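As structure tokens, the structure follows; a few thoughts come after it.
Letters A, B, ... mirror the listed sequences (proteins, then strands); counts begin at 1. Everything numeric in this text was worked out from a predicted model, so none of it was measured.
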Amino acid sequence: MYVAVKGGERAIENSLALLATQRRGDPQVPELTLQQIREQMRLAVDRVMTEGSVYDEDLAALALKQAAGDTLEAVFLLRAYRATLPRLGYTQPIDTAQMRLARRVSATFKDLPGGQLLGPTYDYTQRLLDFSLAAAAEPPVAPESPMEVEAGAVPRVMDLLAAEGLIEACQPREGDPAPADLTRDPLHFPADRPTRLQNLARGDEGFLLALGYSTQRGYAHSHPFAAEIRFGRVEIEIEPDELGFAVSIGDIDVTECQMVNQFAGSATELPRFTRGYGLCFGHCERKAMAMALVDRALCAAELGEDVVAPAQMPEFVLSHSDSLEASGFVAHLKLPHYVDFQAELELLRRMRSRDIATAAEAA
Amino acid sequence: MNAPDRSAMPPAAYARTWETNFNFAYLDERSKRMIRRAILKAVAIPGYQVPFGSREMPLPYGWGTGGIQVTASIIGPDDVLKVIDQGADDTVNAVNIRRFFQRTTGVRTTESTAAATVIQTRHRIPEVPLSAHQILVYQVPVPEPLQRLEPREVETRRMHGLSEYGLMHVKFYEDIARYGHIATTYDHPVMVDGRYLMSPSPIPAFDNPKMHMNPALQLFGAGREKRIYAVPPHTAVESLAFDDYPFAPQRWDAVCAICAAADSFLDEVITDDRGGRMHVCSDTDYCRTRQAAAP
Amino acid sequence: MIAPDDPPILRVTALAKHYGARAAAIDVSFELWPGEVLAVVGESGSGKTTLLDCVSARQRPDAGRVEFLTRHEGMVDIFALSEAQRRLLARTDWGFVHQNATEGLRMNMSAGANVGERLMALGERNYGRIRQEANDWLARVEMDVARIDETPVTFSGGMRQRLQIARNLVTRPRLVFMDEPTSGLDVSVQARLLDLLRSLTRQLSQAAIIVTHDLAVARLMAHRMIVMKDGRVIEHGLTDQVLDDPQHPYTQLLVSSVLTP
């Protein structure tokens, strides 16, 4: 005798309990603390902050703990939390020229004012598993304090090129309108560059990496050069109405990448290099570089280039860059679809029985 | 960094620094106001997709966040809420969403269609006819009916603006040429008030006629795609078809094995591994009510 | 019969279009009468395709006016219309036959759907009638009607052009624009296609503007022709007169360059 299965509620409760035990793992093992995640899973925290669109290392650490290390799940948690926070105001734009540099490299010049400051990076490591990390050890000691690089003392490579007129000027539109806010308003096409950059900054690193890579493999090549990659600390300032001047409310780490790309000119303008730009919270070089490649690719239509590859198509790139939208919709296929499926099943059966009948008649 | 140094606090106090008290129905009032404005615009232009600033919700995009945001913006403490998925109140998605609203609003919930003032649904319209004091909120995955034929939003916006829907009819022409009849069994597009082409959401074609001249207000929320649209009460909703190939939703040869209903959408349930099957009402409330009334 | 006071179906006045510093069309003016076929002849780079694009509203000229004789409202400046009105015109009273048929067809839809689309866009809701119309038009363009449900992907170049013609003519447009409609096809296929086009335009009393670099096409199809060089009209007149007695040195060059078997 068929009895309609009930108990969806209880099933969910049990599932949540199982999830909690899975997340905790073996109770004999000491529990992860947020400080441990924040300090020792630093790069995961940085990625979650960037794509979660909130600069708060502790919150990101909490999200990672709750998500058992699943970065996209942690990004989701942070975004959902962010949606509940009141908007107090907008900061002044950060000035990366004033960055207190921890790292600064350029591939376009062998030597340049400020030098190549390597900073902390995996770039020069050999990827050999270091088994000494399997056991606790004495904390490593940072090298002798390098020469103190004064904030603002190191000019940006792009500014040097711009001084010679070699790089396209990135002027704001007439009247310098405020950029759209994608956290408040939906995306509209055509999307201007500030909007596109916002979307890319929040976009999934894997997706942007693949698209950026595709441009290097011929899907809309733009001959990119990494003019400058900076990582360090910048100040955040707000200008409260009551004061009428800007005050610092703290500082954050950011990574900035500026790419120099194939020059473009026209009948009325001298040829200049074009640029791609990438920016993220914390130390996310790969994301910043991928973002810069895709930013430049998306400028194709504006520069009069033929749009031939996915990375150049704003609707394609910007509609699919958000990991929440992507994972949500892919995962939703797990939801019950038996009613729609029923309808398809019934139609298919009908069509097949009709075709079989016609074939039988003809025989 | 700038946040308070929590490492030195005792665990209980540490946890308390994180506490947030949610607003009624989770969303802040500004967001609700923004969504209500979108809803009003949608009601004023039946079938037209109004863009709105969809917020990240605690459930994933694609899992009903649009419907949730619409419900959250219209629900009040005196409302009675019913949530269904595939016609049933106790599928996991419906349970999850109902729990969400119980937690964030405390409103009364019900499984009875007749007793509800707000009904949020995924993929079905209740069998019991609705009345003027009720609101039906649909969860919509893909609000753009033309998306599978034309993925570019810039193009589809122009088509809606100029009322150029030939592409949809061409698709139906092809279906008839290839299969002998229109092959859409769910999410069958409709013309609303004779002007806008609309996706009714993935309800079975069987349910389309219920939308026409319905005394209740029908609201549609697509969170991931960030669109809201509406069919005001007593509005003409016509399923697309040809004159000589009229719209003909599915029929079954069976009746419900539990309540003997011959007029409801039936789910097929596989009962044994020899292919035995039976049909039961998809709308659990309808079935149960009929069962209770049977002598 | 056209009376002396009847307006032309198309009037182009001082049309100009440039791309950056390069002028593609300069001070082009002409008139076209109902049922008349005009050939626009020139080599590549002469500006003939730009001219066609401007008079068919596919591009906006930088100067000048294009006026069309509508069915009910007399002569209208086509660029003064709203986009909706222009698009409606393009779907009903105008046809555009592309050189490359894939640009003018829906390659992933059946021949029948391609022909029927305009009818459906205009509100035809009877499947049987649409299919019948499609069938009739496929026959008129001398295609095998049994292929009505196939997609143009499997058609030869000549067949695709026939389908494109059918797709355009189904609403009996009064003005048809054609951009090198037979280039790239085999010579024998070209000849048959041109014959078809000529008889159809005469049967339906259509005006047409044909852009071509091939003087033989102009001779066969057009009542009048204009010759373009570097964006300007350097000669115009009755086709036979221009081809038999060219006045401008460039036209003379063109005519004398035609290879004779």
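Remark: side-chain polar atoms of Arg184(A) are not paired, donor with acceptor, to backbone N or O of Arg55(B) under 3.5 angstrom. Under a 3.5 Å cut-off, the side chain of Glu315(A) and the backbone N or O of Glu153(B) do form a donor-acceptor pair. Although no hydrogens or angles enter the test, the distance criterion places no donor-acceptor pair under 3.5 Å between the side chain of Glu346(A) and the main chain of Gln250(B).
To the nearest 0.5 Å, atom NE2 of residue His188(A) and atom CZ of residue Arg157(B) are 7.0 Å apart. Atom CZ in Arg152(B) sits 12.5 Å away from atom OG in Ser319(A) (nearest 0.5 Å). Here the straight-line distance linking atom CZ of Arg122(B) with atom NE2 of His332(A) works out to 5.5 Å at 0.5 Å rounding. Note that CZ of Arg251(B) and CZ of Arg350(A) are 10.5 Å apart. Values are rounded to the nearest 0.5 Å. Summarising the geometry, atom CD belonging to Glu325(A) is positioned 9.0 Å from atom OG1 belonging to Thr65(B); distances are rounded to the nearest 0.5 Å. Annotation: the span from Gln139(B) atom CD to Leu335(A) atom CG amounts to 8.5 Å, rounded to 0.5 Å.
Contact of Phe189(A) with chain B is made through backbone and side chain together, with heavy-atom distances under 4.5 Å. Contacts between Ala331(A) and chain B at a heavy-atom distance below 4.5 Å involve backbone atoms as well as side-chain atoms. Residue contact with chain B, scored on non-hydrogen atoms closer than 4.5 Å, involves the backbone and the side chain of Asp340(A) alike. Contact annotation for Arg82(A): neither backbone nor side-chain heavy atoms come within less than 4.5 Å of a heavy atom of chain B. Residue Tyr179(B) touches chain A through both its backbone and its side chain, counting heavy-atom pairs closer than 4.5 Å. Proximity to chain A is absent for every atom of Leu27(B), based on heavy atoms less than 4.5 angstrom apart. Neither the backbone nor the side chain of Ile203(B) comes within less than 4.5 Å of any heavy atom in chain A. Contacts between Pro58(B) and chain A at a heavy-atom distance below 4.5 Å involve the backbone alone (N, CA, C, O). Of the two parts of Leu348(A), neither the backbone nor the side chain holds a non-hydrogen atom closer than 4.5 Å to a non-hydrogen atom of chain B. Looking at Val142(B), only its side chain comes within 4.5 Å of chain A, counting heavy atoms on both sides. Using a 4.5 Å cut-off between heavy atoms, Pro151(B) contacts chain A through its backbone alone, with no side-chain atom that close. With a 4.5 Å cut-off on non-hydrogen atoms, Thr183(A) touches chain B through its backbone but not through its side chain. No part of Leu333(A) comes within reach of chain B, as not one of its non-hydrogen atoms sits under 4.5 angstrom from that chain.
For the set Arg87(A), Lys334(A), Arg349(A), the count of heavy-atom pairs under 4.5 angstrom toward chain B peaks at Arg349(A). Ranked by non-hydrogen atom pairs under 4.5 Å with chain B, the options Ser15(A), Pro186(A), Ala83(A), Ala80(A) are led by Pro186(A). Per-residue counts of heavy-atom pairs under 4.5 Å with chain A were compared for Phe52(B), Tyr26(B), Trp63(B); the largest is that of Trp63(B). Ranked by heavy-atom pairs shorter than 4.5 Å toward chain B, the options Ile236(A), Leu324(A), Val330(A) are led by Leu324(A).
Counted within 6.0 Å of CZ on Arg103(B), heavy atoms from surrounding residues, nucleotides or ligands total 12 or fewer; the atom is thus considered open. Environment of CD1 in Ile270(B): sparse, with no more than 12 heavy atoms of neighbouring residues, nucleotides or ligands closer than 6.0 Å. In the displayed structure, Met159(B) atom CE is contacted under 6.0 Å by more than 12 heavy atoms of other residues, nucleotides or ligands. In the displayed structure, Phe24(B) atom CZ is contacted under 6.0 Å by more than 12 heavy atoms of other residues, nucleotides or ligands.
Listed here is the closest heavy atom pair of Pro141(B) and Phe329(A): CB-CE1, 3.7 Å. Here the shortest heavy-atom pairing between Val92(B) and Ile12(A) reads O-CD1, 3.6 Å. Contact record, Tyr338(A) with Thr91(B): OH-CG2, 3.6 Å, taken as the closest heavy-atom pair.
At least one side-chain heavy atom of Asp267(B) sits less than 4.5 Å from a side-chain heavy atom of Val339(A). The closest side-chain heavy-atom distance from Pro86(A) to Asp28(B) is not below 4.5 Å. Counting heavy atoms from C-beta on, the side chains of His181(B) and Leu347(A) come closer than 4.5 Å.
Exactly one residue among Phe206(B), Trp252(B), Tyr186(B) makes a side-chain contact (heavy atoms from CB on, under 4.5 Å) with Gln342(A). That residue is Trp252(B).
Taking the charged nitrogens against the carboxylate oxygens, Glu56(B) and Arg202(A) do have a contact shorter than 4.0 Å, which makes a salt bridge.
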